[in-house]
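Quick note on labels: first sequence line is chain A, next is B, and so on, each numbered from 1. Since this is a predicted model, take the numbers as computed values, not measurements. All values below were derived from every heavy atom in this structure, side-chain atoms included, with hydrogens, water molecules and symmetry-related copies excluded.
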Amino acid sequence: MAKQKKISKAARTYLTSFILVGGFWGAIEAVKLSGGLSSKAAGLLIPVCAYIMMAISLNLVVGFLGELSLGHAAFMSAGAFAGVFFYNTAGAGMPEGAAIVLAFLIGGLAAGIFGVIVGVPVLRLSGDYLAIVTLAFGEILKNVLNSLYIGADSAGLHFSLKDQFSLNMEPTGKVLMKGAMGITGIRKFSVFSVGILLIALTLLFVLNLMNSRAGRAITAIRDDDIAARSIGINLTKYKLMAFVSSAVIAGFAGVLYALNFASLVAKKFDYNLSINILVMVVLGGMGSIPGAIIAAVVLTVLPELLRGFSQYRMFIYSIVLIIMMLFNRAPAFVMWRQRMALKFRSGKAGSEKEDAGKKKG
Amino acid sequence: MALLEVKNLGISFGGLQAVQGLNMSIESGHLYGLIGPNGAGKTTAFNMLTGMYTPTEGIITFDGVNITGKGPEYISKAGIARTFQNIRLFNAMSVLDNVKVGMHNRVTYSMLDGVLRTKKYRNKEAEMNEKAQRLLDVFGIGDKADYAASQLPYGQQRKLEICRALASDPKLLLLDEPAAGMNPNETQELMETVRKVRDDFGIAILLIEHDMKFVMGICEEITVLEYGKTIAHGDPQTVSNDPEVIAAYLGGDDED
Ligand SMILES: Nc1ncnc2c1ncn2[C@@H]1O[C@H](COP(=O)(O)OP(=O)(O)OP(=O)(O)O)[C@@H](O)[C@H]1O
Ligand SMILES: [Mg+2]
């Protein structure tokens with residue numbers, strides 16, 4: 001009996017998450033078929049998918065590991081630039097499918113390497129250093145990418161942090177990345193179903209991880225690191241596992257996002273974006289995957305919907321933020337939600353008699 | 001050689017010698033008590049035995065291996081488990097998961113097994129669930145497996161912490177004031193459980209406790225600390241009649 005309930009609790013999270021994503025996909029496809037999807041809305045689809053992936057992956061660090069990261073956008077950026085750079089150069093001669101798959105792998109790998117570089121020194125320390133270091137990392141990476149020039153000629157690749165002319169290329173050389181102008185001339189690849197597929201894979205990875213031995217170690221560290229240590233859990237190993245996994249997923253999201261546009265600039269992945277994603281995680285209820293999905297959709301779509309009310313846009317946006325925060329945090333709301341959940345659960349798990357009683361009442 | 005041999009163990013924090021010259025020898029299957037007034041250094045001794053603190057002097061030998069200065073991860077794997085004076089549970093996790101975390105280094109599979117839900121994952125998880133449920137049943141909290149740990153009443157939280165420690169299949173279990181905050185009935189019940197754990201699991205137990213009835217009723221050997229030094233050692237009878245122990249417990253406040 002007890003065991004059955006346990007399974008159904010984890011299953012509920014899987015079910016809700018996949019129903020949400022499936023519902024989102026189905027709804028959009030239906031609107032598409034009916035021809036009711038404006039081109040503006042269509043342009044939002046891939047960014048929404050990317051942000052859902054970002055929110056789920058940041059949840060791994062903030063919600064499950066309990067560490068604060070203020071530079072999640074930087075991993076997205078690392079993935080985006082690495083993936084697109086490959087796609088535009090070596091990938092250009094390949095069949096599209098292979099080039100895209102490789103671009104994703106390279107983007108994820110690049111972000112993961114940065115995750116290791118940032119995580120190894122910081123996560124060995126106990127204390128809230130991660131927030132500061134990720135914040136700094138985000139700014140550094142943005143500024144470096146913003147002034148990075150890359151060119152190619154018959155002699156190979158040329159790099160400069162100054163300007164295009166310092167690349168010292170042969171006249172026939174091609175500039176591949178132009179500082180603040182970033183990478184241009186990207187062959188766009190924006191397929192909504194691919195976005196949904198990536199979300200589904202992300203979900204499966206994160207949920208499976210959290211419901212396994214490694215995931216329990218990660219949550220144990222969050223709840224009490226001293227007790228976790230006394231049980232023989234290697235804190236650095238599991239902190240790194242959560243942090244680097246999260247970075248890799250952000251890298252995938254970055255590639256997905258970047259391939260949706262003809263050009264890619266580093267400015268987009270700034271502090272504001274990192275904070276926006278953090279807000280999605282916090283509003284969704286830290287550690288709640290379905291919550292993160294909903295918050296990511298609402299907070300990406302809402303500002304766009306409100307563009308018509310330019311005067312009140314930020315005002316309404318703030319109100320929605322406050323309401324969502326209240327819903328998640330205010331004791332009265334939390335109690336009400338718990339009551340509803342209890343009712344719902346006992347209704348499902350309970351006997352038929354209970355069900356019958358409820359119908360009468 | 002005994003399971004645990006502690007020789008001349010000591011630690012100082014700056015100028016404060018929190019523990020000095022501690023000697024203990026605990027045989028497999030023994031119930032051993034560590035007592036003394038507040039601030040005597042009992043918890044500090046536990047912290048050295050479990051690798052939380054590095055001793056400044058002395059040697060700890062466990063199961064024939066010198067473990068002095070080794071970290072908690074090594075020591076947990078070697079077979080020493082503990083509970084904490086201020087309960088330290090994984091509050092947001094379920095009761096069952098708390099026990100399963102305790103098996104971290106006993107029932108293992110890789111991250112990839114977990115993510116890909118391999119057969120190994122399913123088998124090991126089933127094994128863990130069964131083992132965890134059995135442990136919870138021994139302590140009479142099997143019906144609470146799905147509750148969040150923080151939802152349990154105080155006495156059951158103490159029991160859960162013992163379950164979690166036992167889940168790592170220790171050879172030596174350290175209990176830091178297991179009866180603290182329990183009423184006489186619960187204390188009585190806990191005494192029986194501790195004895196039963198020793199008998200059923202065949203392990204040695206070293207416990208810190210202020211409740212004298214508990215300690216005298218259950219321990220076969222006792223060491224008494226005061227200001228970090230050992231003032232008495234022996235069986236309950238000897239220790240409770242020791243004049244220095246009586247002085248430490250009755251008139252410890254106004255002596256110089
Ligand atoms: N990390 C530390 N740094 C400095 N002093 C410490 C540290 N840990 C313990 N002490 C000191 O060592 C002494 C012994 O403390 P300890 O917690 O071991 O006492 P105890 O015997 O467990 O007492 P109680 O019965 O109150 O739990 C105290 O004076 C305490 O302040
Ligand atoms: Mg103590």
Does the side chain of [Y] come within less than 4.5 Å of [X]'s, by heavy atoms?
X      : Y      : value
B:V101 : A:I231 : yes
B:S110 : A:R213 : no
B:Y121 : A:N208 : no
A:Y238 : B:H104 : yes

Would you mind checking which part of [X] comes under 4.5 Å of any heavy atom in chain A, side chain (CB onward), backbone (N, CA, C, O), both or neither?
X      : result
B:A81  : neither
B:Y74  : neither
B:T108 : both
B:M103 : neither

| field | Check ion pair A:R216-B:E125 (N to O, under 4.0 angstrom) | value | yes
| message | Please give me the minimum heavy-atom distance between B:P72 and A:R229, naming the atom from each residue. | response | CB-O, 3.5 Å
| remark: Residues B:L89 and A:D224: closest non-hydrogen pair is O-CB, 4.1 Å
Report, as yes or no, whether the 6.0 Å neighbourhood of atom [atom1] on [X] holds more than 12 heavy atoms from other residues, nucleotides or ligands.
X      : atom1 : result
A:Y14  : OH    : yes
B:R117 : CZ    : yes
B:D200 : CG    : yes

| query | Of all of A:A220, A:S212, A:A228, A:A214, which one pairs up most often with chain B through heavy atoms under 4.5 Å apart? | reply | A:A220
| field | Proximity breakdown for A:M210 and chain B, heavy-atom pairs closer than 4.5 Å | value | neither
| Where does A:I226 contact chain B at under 4.5 Å (heavy atoms): side chain, backbone, both or neither? | both
| note | The reported gap from OG in B:S76 to CG in A:N234 (rounded to nearest 0.5 angstrom) is 11.5 Å
| query | Hey, is the main chain of A:G232 close enough, under 3.5 Å, to the side chain of B:N105 for a donor-acceptor pair? | reply | yes
| remark: Which of B:R82, B:E73, B:R88 passes side-chain contact (heavy atoms from CB on, under 4.5 Å) with A:S230? It is B:R82
